[in-house]
Amino acid sequence: MADESENGQEKTEEPTPKRRQDAKDKGQVPRSRELNTTMIMVLGAGGLLVFGSYMAGQLFEAFNLAFRIDREDVFDPEAPFHYLREAIWVGLKAVAPFALVMLVAAMLTPALMGGWTMSAKGMAPKLEKMSPIKGLGRMFGTKALIELVKALAKVLVVMSVALMLFWAMHQRIQGITTEPLHQGMLHGATLFFWAFFALASSLILVAAVDIPYQLWDHTQKLKMTKQEVKDENKETMGKPEVKQKIKQLQNEIAQGRMMENVPKADVVVTNPTHFAIALRYDQERMRAPQVVAKGMDVLALRIREVAQENEIPLFEAPPLARALYHTAELEQEIPAGLYLSVAQVLAYIYQLQSARRQGGKRPERPEPGVPDEFAGYAATDTDDPGATRH
């Protein structure tokens with residue numbers, strides 16, 4: 001059954017990107033303690049395998065400093081401080097590579113799941129967490145039971161691997177007692193490092209189960225009701241900057257689609273400079289010519305450039321261009337009142353193309369007018385769109 005919100009509505013909707021980002025801002029990201037523990041243990045065991053010999057050598061040097069003291073230094077009150085400084089320096093050199101590996105592991109492991117987060121909201125004290133009743137609920141709740149199962153699983157896995165390792169290595173462990181001290185210590189350290197690495201690697205099984213569960217559990221906590229999704233959409237879409245961005249993207253998409261349609265046009269009617277309207281007519285599929293692209297000023301210039309690049313004819317007819325721009329919708333048929341004017345233009349273009357192909361006489365160029373109902377859009381004394389009367 002889906003979780004319920006405080007008002008009783010079921011949380012059936014997947015969390016939105018905004019919901020996830022808000023949760024991340026509060027420090028609420030999926031975490032797997034098993035993954036963190038496993039990675040630190042595995043990398044630590046790997047560091048011991050790589051730097052174990054070096055660390056053992058430094059350890060022997062520390063032993064030499066501690067147990068091989070010159071006779072004259074016994075009576076020197078400054079000698080103990082000298083040996084202490086040397087021992088500390090040797091000890092630091094011994095653990096420095098391993099400490100660096102562990103530091104990198106501790107820093108990088110959280111980034112594997114959920115990423116790094118620094119949130120003041122997440123660190124702020126919460127009074128509800130101090131409630132004894134809620135504390136008891138957490139102790140005996142489902143999450144506590146799952147944690148108990150994971151802990152038992154870790155014990156069983158590690159114990160099983162430890163028993164198998166002991167069974168496989170017991171003869172070699174017994175043989176160390178017969179080896180010289182130096183060789184026995186190196187041999188014992190090698191066995192210990194490999195056993196530690198195997199035990200740490202066994203935790204990968206637990207982490208492999210815990211990671212999908214934590215991701216699922218995090219998603220379940222962030223699920224939303226239908227009303228929450230609606231409210232978030234209203235809040236997001238209502239912001240002026242979001243509306244402006246959406247409008248800008250829509251315009252860019254529309255302009256891009258228009259430019260793709262210009263090469264399919266039969267003719268581009270121009271103002272000649274301020275307006276450009278690309279028309280297409282398919283006698284078999286269209287009842288009337290359609291506007292595939294239209295624009296003013298810079299966009300009109302771009303339409304003309306694309307048309308010229310694709311050898312689409314330009315037809316200069318200022319009144320008709322203005323009327324088409326103001327009354328014809330993009331990707332829609334032109335108004336019925338402009339059928340005759342556009343038909344004159346298309347007929348002229350078709351005759352002109354036929355004459356060029358067959359070498360006939362060039363047709364007479366028409367001067368298409370516009371009906372009185374479009375006179376308010378078309379009438380102007382200049383090519384300035386600001387002078388157009390509406």
Side-chain angles (χ1 to χ4, degrees), residues 27 31-118 120 122-123 151 154-155 157-159 161-162 165-166 168-170 172-204 206-207:
R31 292 291 190 207
S32 172
R33 287 184 293 180
E34 309 306 329
L35 174 63
N36 296 344
T37 303
T38 300
M39 292 302 299
I40 291 175
M41 295 286 285
V42 170
L43 291 177
L48 289 176
L49 286 174
V50 174
F51 300 109
S53 299
Y54 169 79
M55 295 172 66
Q58 294 296 313
L59 182 62
F60 276 114
E61 184 177 343
F63 285 167
N64 286 330
L65 288 172
F67 297 111
R68 293 184 179 181
I69 303 175
D70 295 335
R71 180 180 178 80
E72 58 272 14
D73 290 336
V74 175
F75 304 98
D76 184 0
E78 298 293 331
F81 297 100
H82 169 72
Y83 282 100
L84 179 61
R85 287 194 300 269
E86 290 293 326
I88 293 176
W89 174 243
V90 172
L92 290 175
K93 288 194 299 182
V95 301
F98 179 73
L100 181 60
V101 170
M102 297 306 294
L103 177 62
V104 172
M107 293 292 291
L108 293 182
T109 300
L112 297 177
M113 185 175 177
W116 290 314
T117 57
M118 292 293 293
M123 294 185 289
K154 284 193 289 187
V155 171
V157 170
V158 173
M159 183 182 296
V161 175
L165 286 173
F166 180 77
M169 294 182 175
H170 73 281
R172 298 171 65 182
I173 295 174
Q174 292 176 350
I176 293 176
T177 60
T178 63
E179 298 176 354
L181 178 61
H182 185 273
Q183 181 180 351
M185 291 186 66
L186 290 177
H187 193 187
T190 301
L191 288 178
F192 171 76
F193 294 157
W194 277 109
F196 181 36
F197 183 78
L199 290 173
S201 299
S202 66
L203 295 176
I204 295 176
V206 180

- Does Phe166 CZ have over 12 foreign heavy atoms under 6.0 Å away? no

Just list the side-chain donor-acceptor pairs under 3.5 Å for residues 86-103, sequence neighbours left out, or say none.
none

Determine all donor-acceptor pairs shorter than 3.5 Å in which one atom belongs to a side chain in residues 195-204; sequence neighbours excluded.
| from | atom 1 | to | atom 2 | distance (Å) |
| --- | --- | --- | --- | --- |
| Ser201 | OG | Phe197 | O | 2.8 |
| Ser202 | OG | Leu199 | O | 2.4 |

